[in-house]
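Structure record follows, encoded as structure tokens.
Owing to the predicted nature of the structure, the values given are computational and were not obtained by experimental measurement. Atoms considered below: every heavy atom in the structure, side chains included; atoms not considered: hydrogens, waters and symmetry mates.
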2 protein chains.
Amino acid sequence: MDITTATCTWTEHTLRTLARAGYRSSGARAEVIDGLAELGCSVTAREIADLLREKGSGVGLASIYRALDLLDRLSLVQRFEVGEGVARYEPAHPGGEHHHHIVCGTCGKVEGFEDEGLEQAIHRLSDRVSFAVAAHDVTLHGECPGCRGAD
Amino acid sequence: MDITTATCTWTEHTLRTLARAGYRSSGARAEVIDGLAELGCSVTAREIADLLREKGSGVGLASIYRALDLLDRLSLVQRFEVGEGVARYEPAHPGGEHHHHIVCGTCGKVEGFEDEGLEQAIHRLSDRVSFAVAAHDVTLHGECPGCRGAD
DNA sequence: GTGAATGCAAACTCTTTGCATGACT
DNA sequence: AGTCATGCAAAGAGTTTGCATTCAC
């Protein structure tokens, strides 16, 4: 997965989509988008705030939440939780390809993974349930290589 | 799945496990366990509180959270979230058999489902990742039959 | 009697909202 | 000018914690 080119494309796509929908994308919103592109996978609002503050930006937390909410409503980011009671966000790729997350129960590290077999199983299963399935989240819990070694 | 006998067994198992671990299980804790057994799948702390209050119980919210936390640490309940920022709990069956959840994006209804193909896919996948996988959560998002019809 | 368990209220964290100010078209 | 966007501060919701009291053993 080439994060660099992917997120670069995502940034452009996002700015273009916002503009097309009539939203202004300067100021705080643009900084949040840049921050998301830079941080990439599985970031919290606080992490974005910390990054922007480090860079000397005066963007407020409220604007970050507002931007994330807007991006989520436009399907430009994916919002999810891994069981900490904190919302996490990451750039959503327009093609629909996506990954899931695995969380280290010891250090809290979150990593992404993709698995075609899993996607297929969920697809097959979706036909069998009474709900109309629109999306799915999978979270694996375990211990990361670093923490396994440190036991 | 026969909820009645399953939760009855679960209640006994839970009380026995607590006693064996040296915890007292009278008062608030027992009421929370009863409430969980009665409500069954995917309940919030508030739902337990409401049920107990209805029954005239004076159990406080803090005791409910403390009980749920203890049961979770002893693996007697499963704790999870479906993306609302609220923790949900349900009796955990000792055998390890478990189900996952599907959430209606319109009315918020949560239902359980089981799928062997999904479990197998996750099992196969677990061998391929660098983490030591200990558990997994799957959440499907969609629209329930009732809300589909009401569109 | 002693230590665990409980209830209440306060504290805390994450997130949302109200409102006045500032920026873009 | 008019509207949208922002920052700050306050409000909300869910959850946790401190402490005095109560209860089980």
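The list of salt bridge (charged side-chain N to carboxylate O under 4.0 Å, His left out) pairs with a residue in residues 119-141 of chain B, not counting sequence neighbours, reads A:Asp115-B:Arg128. The stretch residues 61-90 of chain A participates, sequence neighbours left out, in these ring-ring contact (aromatic ring centres under 6.0 Å, His included) pairs: A:Phe80-A:His101.
Here D:dG14 presents its P atom at 15 Å from CG of B:Leu68, a figure rounded to the nearest Å. Atom C1' of nucleotide D:dT16 and atom CZ of B:Arg46 are separated by 15 Å, given to the nearest angstrom. For the pair B:Tyr65 OH and C:dG7 C1', the computed distance is 15 Å after rounding to whole Å. For the pair B:Leu15 CG and C:dA5 P, the interatomic distance rounds to 14 Å; values are reported in whole Å. Rounded to whole angstrom, the span from the CD atom of A:Glu84 across to the P atom of D:dT16 amounts to 13 Å. Atom-to-atom, CG of B:Leu71 to P of D:dT15 comes out at 15 Å; the value is rounded to the nearest Å. Rounded to whole Å, atom P of C:dC14 lies 16 Å from atom CZ of A:Phe80.
Results of the side-chain contact (heavy atoms from CB on, under 4.5 Å) test with A:Ile33 over A:Val77, A:Leu71, A:Leu76 single out A:Leu71 as the only residue that passes.
A:Lys55 meets the side-chain hydrogen bond (donor to acceptor under 3.5 Å, both in side chains) test with A:Glu38; sequence neighbours excluded. With sequence neighbours left out, the side-chain hydrogen bond (donor to acceptor under 3.5 Å, both in side chains) criterion links B:Ser42 to B:Arg88. In this structure B:Arg53 satisfies the side-chain hydrogen bond (donor to acceptor under 3.5 Å, both in side chains) test together with B:Asp50, sequence neighbours excluded.
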Protein within reach of the bases, or only the backbone? For nucleotides 4-10 of chain D, mark each nucleotide 5' to 3' as B, S or -, using heavy atoms under 4.0 Å.
BSBBBB-
